[in-house]
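Here is the structure we will look at.
A, B, ... follow the sequence lines: proteins, then strands. Residue 1 opens every chain.
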Amino acid sequence: MADVRLVYEGGTIRVEGVERLTDAAPDGAFSDIEFDPRSETGRVPAVQYAALRDRLAELDIDVDDAVFESASLNLSSDYQLREYQRDALGAWEGNGRRGVLELPTGSGKTVIGIAAMERLDVPTLVVVPTIDLLEQWEKELDREFSVPIGRLGGGEQRVEDVTVATYDSAYLRADELGNRFELLVFDEVHHLGGEGYRDIARLSAASARLGLTATFERSDDAHRAVEELLGPVVYRIDAEELAGEHLAPYDIKRIEVELTPDEREEYDRHQEQFTDYLAKSSITLTSGSDYQKLVKRSGTDPRAREALLAKQRAREVMMNAQRKVDRLADLLDRHRDDRVIVFTAHTELVYRLSERFLIPALTHETAASERRAILDRFRAGEYSRVVTANVLDEGVDVPDANVAVVLSGSGSEREFTQRLGRILRPGAGKRAILYELVTEKTAEERVARRRR
DNA sequence: ACTGACCGACAACCAGCGGACCCA
DNA sequence: TGGGTCAAGTTCTTGTCGGTCAG
């Protein structure tokens, strides 16, 4: 009879016979196994399964391992990896099949994921943030592999040996999926830093884990949590290095605009109200966590809330400055033969621009069918321009464009990288241009610096 | 099968000048 | 000496997503 038996149960590994380990192992070697008085067994979070299994093997402890039911799938595809894709996959395998690959949008992350699945040939769960990506992966996997492809999300709940799921669905069913898949592939893995989504990885016993993203680091440091669940970044290449051969060469141009006198007055007034409050309350604002404290405070202190609202209004003035719109007119004129995407931070401005320049608008309010129609026409060349808030930042298959105009945006490096990625795969080897419109002598100059 | 309304989750959200205090 | 912190039980607002459910 085996000394120890391992069983998966609702996101944990039940360790039966844990009491026998104290005799077999040096003191404290298994102190991280908690004793569960209800089942009278040991118990660890499923994420620790691989490490536990390896330690038991090292000590020659006889284990009855019932966590997975393994079966070979005979996955095979005929993709040819590019050199950097092979290097990336190699780095991941070299790190014990754990870790994150940081590659720019358009560099073929899906291809690497599929190659990893083929190499390991085990049941695999691919996790994606949007329905759009769900469908792209599903289509791709269906074309490459001859096994049925499962799907969790977008109204379907079908589990197969190879399954694609949204973060939301995977999260809702994490405890029952934890021992179904031996390889996890997370697309846009920075989402896994979210408080709830982490459970997908924590409650899974899969020992092979692959994360894909263009921007791993998060301003809130939550990527540290992802590192613990998945492993660190093991390979990184940026758009600069691929520009020319695999991605379009590009330029980034910053255009500074002034506020109109009215806007300046309004901006200064609101900004002052904000800074006055800070001065009176002797608050320092140097980091994101300081700002969070201020937000907390605004829950009880009406003056703090007023100050935040004033700051918000100042931001709106600065981001939606009239002269940005004027400059946009110039740019649209200059690029009348190019394919242009205009990005803003506010929905309302999207509609104003849409009316003034007769450009189709895409926001979160745009119904799915209309959205599809606009993107189809953009793809077909019927439309050469589109104006959007944040809808197209991630997870939508956007037709190629070669000019991006960022009227306003957050200071987030991620948002910037994603928007840049939207113009990096044009055909005909055209040079891509990203214009960044920034209002002079406002906080926007700082914001623009921060995002790069 | 689709739509809109609802919900919860997630992300970004960041003066300017300057000093006192604590700790490694 | 150099670097971090300096106000807490109650977390602003806007934009976007997926899941669910009623019609």
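- For the pair A:T347 and C:dT14, the criterion of a side-chain N or O lying under 4.0 Å from OP1 or OP2 is not met.
- Rounded to a whole Å, the CZ atom of A:R218 is 12 Å from the C1' atom of B:dA9.
- Checking C:dT13, C:dG18, B:dA12 against the side-chain heavy atoms of A:D168 singles out C:dG18 as nearest.
- Contact check on A:E355 versus A:R352 returns no salt bridge, with no Lys/Arg side-chain nitrogen under 4.0 Å from an Asp/Glu carboxylate oxygen.
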- request: Show your reasoning for whether side-chain contact (heavy atoms from CB on, under 4.5 Å) applies to A:Y277 and A:D301.
  value: CA-CA 11 Å; A:Y277 174 77; A:D301 180 352; 2.9 Å; yes
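- Rounded to whole Å, the distance from CG on A:L294 to C1' on C:dT11 is 10 Å.
- With C:dT20, C:dT16, B:dA12 as the choices, the nucleotide that has an atom nearest any side-chain atom of A:T363 turns out to be C:dT16.
- Each of B:dC14, C:dT20, C:dC12 was ranked by its minimum atom distance to the side chain of A:K311; first place goes to B:dC14.
- Of the candidates B:dA11, C:dG19, C:dG15, the closest approach to any side-chain atom of A:A389 belongs to C:dG15.
- Following rounding to the nearest Å, A:Y171 (OH) and B:dC7 (P) show an atom-to-atom distance of 18 Å.
- Remark: A:E272 does not engage A:R269 in a salt bridge, criterion side-chain N to carboxylate O under 4.0 Å.
- A:F416 places its CZ atom 17 Å from the C1' atom of B:dA12, with the value rounded to the nearest Å.
- The side chain of A:H346 lies closest to C:dG15 when the candidates are C:dC12, C:dG19, C:dG15.
- If you check C:dA8 for Watson-Crick or wobble pairing at under 3.5 angstrom, you find it has no partner at all.
- Here A:Y383 and A:F378 keep their ring centres 6.0 angstrom or further from each other.
- Set against B:dC13, B:dA9, C:dT13, the side chain of A:L309 has C:dT13 as its closest nucleotide.
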Under 3.5 Å between N/O atoms: give me all the protein pairs with nucleotides 7-10 of chain C, atom names plus distance.
unit_1: C:dA7; atom_1: N7; unit_2: A:R297; atom_2: NH1; d: 2.9
unit_1: C:dA7; atom_1: N6; unit_2: A:R297; atom_2: NH2; d: 2.6
unit_1: C:dA8; atom_1: N6; unit_2: A:R297; atom_2: NE; d: 3.4

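- Looking at A:Y49 and A:S204, their side chains never bring a donor and an acceptor atom within 3.5 Å of each other.
- In this model, the phosphate group of C:dC17 is approached by a side-chain N or O of A:R371 to a distance below 4.0 Å at OP1 or OP2.
- Distance check: A:D36 CG to A:E9 CD gives 8.0 Å after rounding to the nearest 0.5 Å.
- For A:R315, no side-chain nitrogen or oxygen approaches OP1 or OP2 of B:dA12 to under 4.0 Å.
- Comparing A:R305 and A:T344 against DNA chain C, the residue whose closest nucleotide sits nearer the 5' end is A:R305.
- Base engagement by A:V295 is indicated by at least one non-hydrogen atom pair under 4.0 Å involving a base atom.
- Rounded to an integer number of Å, the gap from CE of A:M319 to P of C:dG15 is 11 Å.
- Here the two rings, on A:F186 and A:H191, have centers that are 6.0 Å apart or farther.
- Here the P atom of nucleotide C:dT20 and the CG atom of A:L152 are 11 Å apart, to the nearest Å.
- Atom-to-atom, CG of A:D132 to C1' of C:dC17 comes out at 12 Å; the value is rounded to the nearest Å.
- The residue among A:E195 and A:R372 whose nearest nucleotide of DNA chain B lies closer to the 5′ end is A:R372.
- Distances shown here put every side-chain N or O of A:S412 at or beyond 4.0 Å from the OP1 or OP2 atom of B:dA11.
- Ring centroid separation for the pair A:Y435 and A:H335 comes in under the 6.0 Å cut-off.
- If you check every strand for non-hydrogen atoms under 4.0 Å, A:A443 touches sugar and phosphate atoms only.
- With rounding to whole Å, A:E316 atom CD is found 13 Å from C:dC12 atom C1'.
- Using P as the reference atom, C:dT5 and B:dC17 are 22 Å apart when rounded to the nearest Å.
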